[in-house]
Amino acid sequence: MATLRFDALREVAQRKPLEIPLPSDKLSDYYGINVFTKEKMQDYLSAEAFKAFKAAVEQGVLLDRNVADQIAIGMQKWAKERGATHYTHWFQPLTDGTAEKHDGFIDFGDDGNIIERFSGKLLIQQEPDASSFPNGGIRNTFEARGYTAWDLSSPAFVVGTTLCIPTIFISYTGEALDYKTPLLKAISAVDKIAVEICQYFDKNVTKVNTNLGWEQEYFLVDRALYTARPDLFLTGRTLMGHASAKDQQLEDHYFGSIPARVTAYMHDVEIEAHKLGIPLKTRHNEVAPNQFEFAPIYEEANLANDHNQLMMDLMKRVARKHNFHVLLHEKPFAGVNGSGKHNNWSLTTDNGINLLSPAKTPKGNMLFLTFLVNVMTAVYKSQDLLRASIMSAGNTYRLGANEAPPAILSVFLGRNLSAMLDNLVERVSDTKMTPEEKTALKLGIARIPEIMVDSTDRNRTSPFAFTGNRFEFRAVGSSANCAASIIALNSAVAHQLNLFKKDVDSLIEQGIGKDEAIFQTLKKLIIESKPVRFEGDGYSQEWRDEAMRRGLTNITSAPEAISKYLSEQSKEVLIGEGIFDERELASRVEVEYEKFSKKVQIESRVLGDLAINHIVPTAVAYQNRLIDNLCGLKKLFDESEFDVLSADRKDLIKEISSHVTNIKRLVREMTEARKNANILEHEQDKALAYDKNVRPIMSAIRTHIDALELVIDNSMWPLPKYREILFSR
Ligand code: ADP
Ligand code: MG
């Protein structure tokens, strides 16, 4: 009975931490060793080729074939020295994770002999079969080709024996089929308008970068226990499991020391990440048992996102060596905290100004306020778009479920800063400012840095918090591609900045001074966006009531949240800013619905299978033991004694019967609900049906199974229990 579970537990008991030696005492000896950086390009390319490459990256000058060939040869030479035998275009389709198709550096030469070859053509563009990637109806069946094209702004790297070339992925007809294409567009949309706005203040600004510093939460589970849980390895989360008597109540994990096996794992990941040029900096325990976090130093958003994708891969690969499995699912365990990604987001200029950092001068602080207020307004107006961008089957178990983050998009500024904004708008009138008002405004603005020093009160419950020099978008799911949320955020901000500039310019045209025009426009936005500002407990019921009064939306259903990609406001932002065209946006939404339905469908099938072939037989077997026991007692005792002795066991037999009967009935109903969902023609209806009709039955089944887990003999229970998965390492 239950041998797999006990074998696994024995295996775990014998595990030892691996010894991971540092490649060298000096980080700089191996940092970025597997990356074809600009410095290395200079070593491996002719001066002419390098110059052409730089012009292509910095000014968008097209690379000619001859230069591309030269770069390919240099890149291949370097990659071979790092042990590469194959190359791949590495891209980010709309599934979770990345895709690659490995080709050898092998070809027929002109004489038909075998030679090693890698050319500019192969470097720049490839045509993988797009038919096996989600495309939301864009691809016609007769045209399955898609293109991958080199993203020059992200460096190539070697993993194992493969040279990986970061690429975008588009359909034969030119529509984006990936995350990177719209991400690059959204980054550039902000760049363009933010530069124009910066020039109100500082003519030297010619470029504005988007920065992303992600924090990646995850669970580590021992491989043996993971393998003994079919739900975990088929769906990434546990579909059943009674809460452990002890879990995160004491919060002892968060403050505790990192267990030795885990430290060895983290150390190993760190070394490998550093070799790949991922500037990993932080590693620590999270709130739930066996939950941890990695965070790098922030980087330009496109590169940072590539690094996050690469990192998720790396974490899984290194885990295997340490007999762990990494769970990136948003909610692998019911009842303990789930995992997210915190996207720390900021904008910096090419002359080194962080636009979200309070400055020392009033002018600098006006610039800061301009961006702060516009971002806040963008979040307010595009709250539904931002929520749509982070919504997924997994993330619904976090959103609005009394843990980070709530499903209501609000912005936390810190009490002092928030009060200062209110104060500013109250003290300065709408009409032409008097000299006194101008002085008051200047004084108010001059106080910003001072105010910021005090506002160290960190609000952990806010989905979108200002943390001193950046915003932290905390609602992103742990398994998500960060790009989805950055696309939404950057597009919304770019759109808002454009509106802002139009308003300011029109006031200037009316003869109002520039500073005053900016301030009057900001004042309008501060008042307009006020409902989105919230400093209190985002998990409380009071906030939900209050948010409703303020007219903020609160959507916890995934299909409903996803549908807001197509709201008027979202279209105005995404299509208006040229991030997607109609067809691309529609297809993306289809893909999101489809992903949701498929995930729930798989979970529901796995749950049905496990319920019927793991749980019910175990329950019946234990029930039979109870019946044997009763038969034995009946032989030993006379009737009155037997009645007393047997009462509790009879009740238990009845209880088990009732759970078994219910499970079987519910599994039948769930199968029926799936069938009904599957025949629906539109992806949206299907997703809604899975959400409304299948998911509730899943949780009802789970309740019965979890109740059985509590009463059935531990030695007979087939699946590793929560206490075992969460506390063994
Ligand atoms: P926390 O206390 O939230 O864990 P950390 O100091 O660990 O904060 O930083 C979290 C992430 O925020 C890191 O990736 C860090 O590099 C990033 N970060 C810090 N400053 C900025 C900034 N100005 N813009 C973007 N990301 C930033
Ligand atoms: Mg943080």
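Atoms within a ligand are numbered from 1 in the order they appear, just like the ligands themselves.
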With distance as the sole test, does [X] use its side chain to make a donor-acceptor pair with the main-chain N or O of [Y] at under 3.5 Å?
X: Arg283; Y: Glu293; value: no
X: Glu217; Y: Lys341; value: no
X: Gln199; Y: Val205; value: yes

So for ligand 1, is [X] a polar contact partner (N or O within less than 3.5 Å, distance only)?
X: Glu293; result: no
X: Asn211; result: no
X: Pro296; result: yes
X: Ser346; result: yes

Just which atoms of ligand 1 are under 4.0 Å from any heavy atom in [X]?
X: Ile297; result: 16 (O)
X: Gly213; result: 14 (O), 26 (N)
X: Asn354; result: 23 (N)
X: Glu472; result: 3 (O)

The reported gap from CG in Leu386 to OG in Ser485 (rounded to nearest 0.5 angstrom) is 8.5 Å
Check whether the side chains of Asp306 and Trp90 place a donor and an acceptor atom closer than 3.5 Å, and report yes or no. no
Ignoring hydrogens and angles, write down the donor-acceptor pairs under 3.5 Å from the side chains of residues 361-373, residues two or more places apart or on other chains.
residue, atom, partner, partner atom, Å
Thr361, OG1, Gly364, N, 3.0
Lys363, NZ, Phe201, O, 3.0
Asn365, OD1, Ala359, N, 2.7
Asn365, ND2, Ala359, O, 3.1
Asn365, ND2, Thr361, O, 3.3
Asn365, ND2, Ile445, O, 3.3
Thr370, OG1, Met366, O, 2.7

Hits for side chain to side chain donor-acceptor pair (under 3.5 Å) against Lys321, two or more places apart or cross-chain, chain-then-number order -> Asp268
Of Tyr298, Phe471, Trp214, Trp345, the one whose closest heavy atom lies nearest atom 27 (C) of ligand 1 is Tyr298
Looking at Lys281, His342, Arg474, Arg470, the heavy atom closest to atom 9 (O) of ligand 1 belongs to Arg470
